[in-house]
A.B. asks: 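Below is the structure I would like to discuss, written out as structure tokens.
If you're wondering where the values come from, they're calculated on a predicted model, not measured in any experiment. Here is the naming used below: chain letters follow the sequence lines, and residue numbers restart at 1 for every chain.
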Number of protein chains: 2
Amino acid sequence: MVQKKKSPAAASSATVEAPAPKRRGRPRAYEPDVALAKALDLFRKDGFAGTSLDDLSAATGMNRPSLYGAFGDKRELYIKTYQRYRADARAAMQDIFKVELPIRKRLQRIYDVALDIYLSGEEGPRGCFTVMTAASEAVADPDIRAMVLEGFGELDKAFAICFRRAKETGELPASADPDALAQMASATIHTIAIRARARTPRKQLEQIVRGAIDLMCGAAKR
Amino acid sequence: MVQKKKSPAAASSATVEAPAPKRRGRPRAYEPDVALAKALDLFRKDGFAGTSLDDLSAATGMNRPSLYGAFGDKRELYIKTYQRYRADARAAMQDIFKVELPIRKRLQRIYDVALDIYLSGEEGPRGCFTVMTAASEAVADPDIRAMVLEGFGELDKAFAICFRRAKETGELPASADPDALAQMASATIHTIAIRARARTPRKQLEQIVRGAIDLMCGAAKR
DNA sequence: CTTTTTTTGTACCATTTCGCAAATAATTCC
DNA sequence: GGAATTATTTGCGAAATGGTACAAAAAAAG
């Protein structure tokens, strides 16, 4: 659950600004959520430098001053779209990560979802925002770098939990190193994300995933 | 050995244009090789869209018309730099790939070289051209896509040879799948390339490599 | 109805960007 | 030395780019 616009009865006090029944001035002609989603698509497809404000304006239906007013300048908008992407990806993954399943099935599901995310897109596979554009920006931009590193860390940690659990249930031998396995699991995510972007067919990516799962779990679950 | 400018006695007939002792008109004020290397650095750092012809002009010392005359338009130049990058990387790797060593040592060396390549750079780690910018362009540009896919294939194949060899020497069990192992080895390359770009410290990357090698070779060489 | 508040729409600005044309310079061939 | 050839230099120009100023529009509040 990322953030919706309306909830029937919102009583919390803090930053929840959504249910405001009456705003003061002229109403917005756009929905920030969908506009941000459109911007995300563009940045993900063309990268930061490759996406112009005109492109963004056209895609969101907002003209440039509105864009600016709503999200700040180009870099701020980029960062907001990236935050949104990560929130969405995290949400999509979280459900699957927390389902208790045999380790192989669990990994299989995770990679299925990842492939869905990476391969979707009207004009070709969109790939992974982090891997495709954010990592590039990370060299020069400390804020983006922090987010990217955090993303890597979260993924590693989530996988590590899975493997630790599998050790507890005896699916993996006591000698297995959950952290090392987790990094290989992340590496598998990264490699399919990159290859997807170059239009490697899904079948082939699934085959890579199978090989990786066999390698990570094979020694034990054979 | 990629291509140098002068060799004392070049007698081959084909495309080897280097030793031409007398060119017809005004001599070039630049060396194509070093200019291309400068351009490569820029593209690798800032990507295709993020690098302007003015940047390239400043870095190479050639003004725009010269650039244009020597390498064609921006896209052609980009492609030429990428070809150069891959030729260099291939050359750097080839020596190491072909040295016969115990599989672990061999992998260790390969990853060492990879890390050297990815972490070098004055203004921060340069990462891998393929992973950082070329893969992004690959969605929309068929020519670049072909090169990128070829690159992935070459890497997979090179690793597969290593693993096959290790099976022959008995370092890996007969049950090992060289192609699957090779894809994991490539995945490890990819993950360190991406993480390097986000300034993950070398120590940490080396630790990932260690874990990966243990996983890939562990079952056998223990 | 008027005022206040917030957003939109139009237009504009300074700069950058890519590409090229025309003139100039340096070198070889005759 | 002159013609031919190849590179460089200067400068132009049309389009795109990021950003903003300002007036008009749409709603609530008084």
Side-chain angles (χ1 to χ4, degrees), chain A residues 5-6 17-36 38-40 42-43 45-82 133 137 140-141 143-144, chain B residues 5-6 17-36 38-39 42-43 45-81 133 137 140-141 143-144:
Chain A
K5 52 208 157 171
K6 287 164 206 160
E17 204 174 357
K22 286 175 185 182
R23 291 185 56 84
R24 201 63 162 77
R26 177 173 177 167
R28 290 198 182 106
Y30 60 91
E31 288 185 78
D33 266 14
V34 314
L36 202 61
K38 293 284 190 184
L40 170 56
L42 274 196
F43 275 132
K45 183 159 69 73
D46 299 326
F48 179 77
T51 306
S52 73
L53 286 188
D54 279 335
D55 296 337
L56 293 164
S57 179
T60 59
M62 305 163 65
N63 42 33
R64 251 174 296 135
S66 292
L67 256 182
Y68 199 85
F71 304 111
D73 71 6
K74 194 182 176 185
R75 178 173 167 277
E76 289 179 80
L77 174 54
Y78 179 84
I79 290 183
K80 289 201 170 82
T81 63
Y82 184 38
T133 111
E137 307 299 326
D141 190 315
D143 294 331
I144 297 176
Chain B
K5 53 213 153 160
K6 287 164 205 161
E17 206 173 357
K22 287 177 184 181
R23 290 184 56 84
R24 205 57 164 79
R26 174 173 177 168
R28 292 198 183 105
Y30 59 91
E31 289 184 77
D33 266 14
V34 314
L36 203 59
K38 293 284 190 185
L42 273 195
F43 275 133
K45 183 158 70 72
D46 298 327
F48 178 78
T51 307
S52 74
L53 286 187
D54 279 334
D55 296 336
L56 292 164
S57 179
T60 58
M62 305 163 64
N63 42 31
R64 252 172 297 131
S66 291
L67 256 182
Y68 200 84
F71 303 111
D73 70 6
K74 195 181 175 184
R75 178 173 168 278
E76 288 179 80
L77 174 54
Y78 179 84
I79 290 183
K80 289 201 170 83
T81 62
T133 111
E137 306 298 327
D141 191 314
D143 294 331
I144 297 176

A.B. asks: Find the distance A:E76:CD to D:dG19:C1' and express it as a whole number of Å.
C.D. replies: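 From A:E76 CD to D:dG19 C1': 13 Å.
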
A.B. asks: May I ask you to check whether B:D54 and B:S57 show a side-chain donor-acceptor distance below 3.5 Å?
C.D. replies: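 Looking only at side-chain atoms, B:S57 and B:D54 do not form any donor-acceptor pair under 3.5 Å.
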
A.B. asks: C:dA25 base to B:R26 side chain: any donor-acceptor pair below 3.5 Å?
C.D. replies: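 Per atom types, the contact qualifies.
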
A.B. asks: From CZ of B:F71 over to P of C:dG19, roughly how many Å is that when rounded to an integer?
C.D. replies: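 So the two atoms are 15 Å apart, to the nearest Å.
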
A.B. asks: Would you kindly give the CG-to-C1' distance between A:L42 and D:dT17, to the nearest whole Å?
C.D. replies: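 After rounding, the gap between these two atoms is 15 Å.
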
A.B. asks: Under 4.0 Å between a side-chain N or O of A:S66 and OP1 or OP2 of C:dT7?
C.D. replies: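 Answer is no, no contact under 4.0 Å.
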
A.B. asks: Nearest-nucleotide wise, let me know which of B:P27 and B:R75 is further upstream toward the 5' end of DNA chain C.
C.D. replies: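 Nearest-nucleotide comparison on DNA chain C picks B:R75.
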
A.B. asks: Starting at atom CZ of B:F48, determine the distance to atom C1' of C:dC18, rounded to an integer number of angstrom.
C.D. replies: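 Nearest whole value for this atom pair: 10 Å.
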
A.B. asks: Would you find a donor on one side and an acceptor on the other, under 3.5 Å apart, between the side chain of B:K45 and the backbone of B:T51?
C.D. replies: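 Absent.
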
A.B. asks: Please report the distance, rounded to the nearest Å, between OH in A:Y78 and P in D:dT17.
C.D. replies: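 Rounded to whole Å, this separation is 18 Å.
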
A.B. asks: Counting only heavy atoms and a strict 4.0 angstrom limit, can you tell me which residues of residues 57-65 of chain B come near DNA chain D?
C.D. replies: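 The stretch gives B:N63, B:P65 as the residues lying under 4.0 Å from the strand, ordered by number.
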
A.B. asks: If we only count heavy atoms from C-beta on, is the B:I79 to B:E76 side-chain gap below 4.5 Å?
C.D. replies: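 Contact flag for B:I79/B:E76 side chains = no.
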
A.B. asks: Would you call the rings of A:F71 and A:Y30 parallel, tilted or perpendicular, where under 30° means parallel and over 60° means perpendicular?
C.D. replies: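 Tilted, since the angle between the ring planes falls between 30° and 60°.
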
A.B. asks: Do A:Y68 and A:L53 come within less than 4.5 Å of each other through their side chains, counting heavy atoms only?
C.D. replies: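 A:Y68 does not reach A:L53 side chain to side chain.
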
A.B. asks: Contact class for B:R24 vs. all strands (heavy atom < 4.0 Å): base, sugar-phosphate, or nothing?
C.D. replies: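 Touches a base.
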
A.B. asks: Between A:K74 and B:G25, just flag the one whose closest nucleotide in DNA chain D comes earlier from the 5' side.
C.D. replies: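 Counting from the 5' end, the first nearest nucleotide belongs to B:G25.
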
A.B. asks: Ignoring hydrogens, what is the shortest heavy-atom contact between B:A35 and B:M62? Give both atom names and the distance.
C.D. replies: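 It is CB-SD, 3.7 Å.
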
A.B. asks: May I have the distance from B:D54 (atom CG) to C:dG19 (atom P), rounded to whole angstrom?
C.D. replies: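 Between P of C:dG19 and CG of B:D54: 12 Å.
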
A.B. asks: So do the side chains of A:L36 and A:T60 get within less than 4.5 Å of each other, counting heavy atoms only?
C.D. replies: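 They are not in side-chain contact.
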
A.B. asks: CG of B:L67 versus P of D:dT10: gap in Å, rounded?
C.D. replies: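 Roughly 15 Å, once rounded to whole Å.
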
A.B. asks: Starting at atom CG of A:L53, determine the distance to atom C1' of C:dT16, rounded to an integer number of angstrom.
C.D. replies: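 Value for this atom pair: 14 Å.
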
A.B. asks: Compare side-chain N and O positions of A:R23 against OP1 and OP2 of C:dT7 and report whether any pair is under 4.0 Å apart.
C.D. replies: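 Answer yes for this pair, as a side-chain N or O of A:R23 is under 4.0 Å from OP1 or OP2.
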
A.B. asks: Is the shortest side-chain N/O distance from B:Y68 to OP1 or OP2 of C:dC20 below 4.0 Å?
C.D. replies: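 Result: yes.
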
A.B. asks: With a non-hydrogen cut-off below 4.0 angstrom, is A:S52 in contact with a base, only sugar-phosphate, or nothing?
C.D. replies: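 The residue A:S52 makes sugar-phosphate contact but no base contact.
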
